[in-house]
Amino acid sequence: MGDRLKDKVAIITGAGSGVGRSCMTLFAAEGAKVVGCSRTQSALDETLDSVKSAGGEGIVVSADLSDSAQCQKVIDAAVAEYGRVDILVHSAGVGWSWGLKSEGSMDDVAATSDEKWREVMGINLDACFYMCRGVIPLMQKQGGGAIVNVGSISGMLGMSTAHTYTAAKGAMINMTRSIAVTYAKDNIRCNCVAPGHTDTPMIAPVMSVFDDPEMAERLNPMSRAGTPDEMAYACLVLADDDASYISGVLLPVDGGKTARQFNG
């Protein structure tokens, strides 16, 4: 157990799996009291078991964060249990795997229906807005706080498909910057981590591309996918008070993918 986040209260969205689960486990190990949320209670229970077995402290709340009232429910639960919110890591979202459950949700613009546009925007962008809007007044009253939004390098670069997803992540990046600018006077920092290919259930349908060494090298200079723990450490760095002069930053965590102009 570390103490980088000792006495802090952190809300972690998307805590049922992937990056969110790793963040909840890591932040708890660093001394934070963690409040995890996602839609699936059983997955949250598994995450909380990991936190507690490692000596950490936390609670979980099942919620659909595309609904503003349910976002507020999560925030209210954190305040009721621990009295404050110092950190928000917003990691909840859907990606490639969602396309298997919701046909048409990861299509290009011309093939995307109104329904699928609203669905993906609700989960990937509206939820971020609702959570940030909910915690900022608390952080203002407390004298400060840190927000880390988990975006994607797909919000930085064009793609041939998943246009709603890329639009939502691009909007998240600039909303992060705007929050950083507006609330700096309140000692609230806001930053965005942009993962590249990460070995999580979200992109499980396309992970096989790394089985081919030549394709893997084309995807990023490290020729491998990142891990959820690697993304969580980036979130920890930005949430920690030691990063007190870092705000409005977009941090790609992508094995060098966006640093390279050409593949090869």
Side-chain angles (χ1 to χ4, degrees), residues 10-14 18-20 22-23 65-66 68 71 87-96 98 105-106 108-109 112 117-136 139 145-184 186 188-198 200 202-203 219-220 225-226 228 230-240 243 245-261:
I11 294 177
I12 314 290
T13 73
V19 176
S22 288
C23 283
L65 300 184
S66 65
S68 62
C71 288
I87 298 165
L88 167 66
V89 177
H90 180 66
S91 181
V94 294
W96 289 103
W98 188 252
S105 61
M106 293 293 137
D108 58 274
V109 160
T112 299
W117 172 268
R118 288 192 293 267
E119 176 184 284
V120 175
M121 279 291 180
I123 299 169
N124 281 2
L125 182 60
D126 292 358
C128 182
F129 161 62
Y130 296 145
M131 291 303 300
C132 289
R133 184 181 65 180
V135 301
I136 285 170
M139 292 178 175
I147 298 170
V148 182
N149 291 320
V150 179
S152 169
I153 62 169
S154 299
M156 303 164 58
L157 304 166
M159 292 178 61
S160 59
T161 57
H163 288 178
T164 311
Y165 175 84
T166 63
K169 294 299 185 180
M172 176 190 285
I173 290 167
N174 223 35
M175 183 165 66
T176 295
R177 294 185 179 118
S178 296
I179 290 171
V181 169
T182 301
Y183 301 104
D186 299 307
I188 297 171
R189 298 182 301 105
C190 189
N191 294 290
C192 186
V193 168
H197 288 93
T198 308
T200 68
M202 180 182 288
I203 67 163
L219 287 170
N220 69 59
E230 288 172 320
M231 306 305 141
Y233 274 107
C235 293
L236 173 63
V237 167
L238 294 175
D240 191 343
Y245 201 55
I246 301 175
S247 195
V249 163
L250 172 63
L251 176 61
V253 186
D254 62 359
K257 179 179 177 65
T258 55
R260 183 168 61 184
Q261 185 174 7

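N124 CG to L65 CG: the interatomic distance, rounded to the nearest 0.5 Å, is 11.0 Å. How far OG of S68 is from CE of M131: 11.5 Å, rounded to the nearest 0.5 Å. Taking CZ of R118 as the start and OG1 of T112 as the end, the distance is 12.5 Å to the nearest 0.5 Å. Note that CG of L157 and OG of S152 are 8.5 Å apart. Values are rounded to the nearest 0.5 Å. Rounding to the nearest 0.5 Å gives a distance of 9.5 Å between OH of Y130 and CG of L125. Between atom CE of residue M156 and atom SG of residue C192 there is a gap of 9.5 Å, rounded to the nearest 0.5 Å.
In terms of heavy atoms, A239 sits closest to A146 at O-CB, 3.8 Å. Scanning all heavy atoms of the two residues, the minimum distance from V109 to H163 falls at N-ND1, 2.9 Å. Considering every non-hydrogen atom in both A127 and C71, the closest pair reads O-SG, 4.3 Å. The two atoms that bring G20 and S91 nearest to each other are N-OG, 3.4 Å, heavy atoms only. Across all non-hydrogen atoms, the minimal contact from R189 to A243 is NH1-O, 3.0 Å. Residues R177 and G248 share a closest heavy-atom pair of CG-O, 3.9 Å.
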Take N220 and D254, measure what side-chain contact (heavy atoms from CB on, under 4.5 Å) needs, and give me the verdict at the end.
CA-CA 7 Å; N220 69 59; D254 62 359; over 6 Å; no

Check the pair M231, V150 against side-chain contact (heavy atoms from CB on, under 4.5 Å), reporting the backbone distance first and the verdict last.
CA-CA 9 Å; M231 306 305 141; V150 179; over 6 Å; no

Passes side-chain contact (heavy atoms from CB on, under 4.5 Å), T13 versus L88? Steps please.
CA-CA 8 Å; T13 73; L88 167 66; 4.2 Å; yes

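Here P228 pairs with S22, T198, T200 under the side-chain contact (heavy atoms from CB on, under 4.5 Å) rule; sequence neighbours left out. Contacts of C190 classified as side-chain contact (heavy atoms from CB on, under 4.5 Å), with partners at least two apart in sequence or in another chain: I147, N149, T176, I179, A180. By the side-chain hydrogen bond (donor to acceptor under 3.5 Å, both in side chains) test, D108 is found to be paired with no residue, residues two or more places apart in sequence or in another chain being considered.
Distance alone, capped at 3.5 Å, is enough to place a donor-acceptor pair between the N191 side chain and the V249 backbone.
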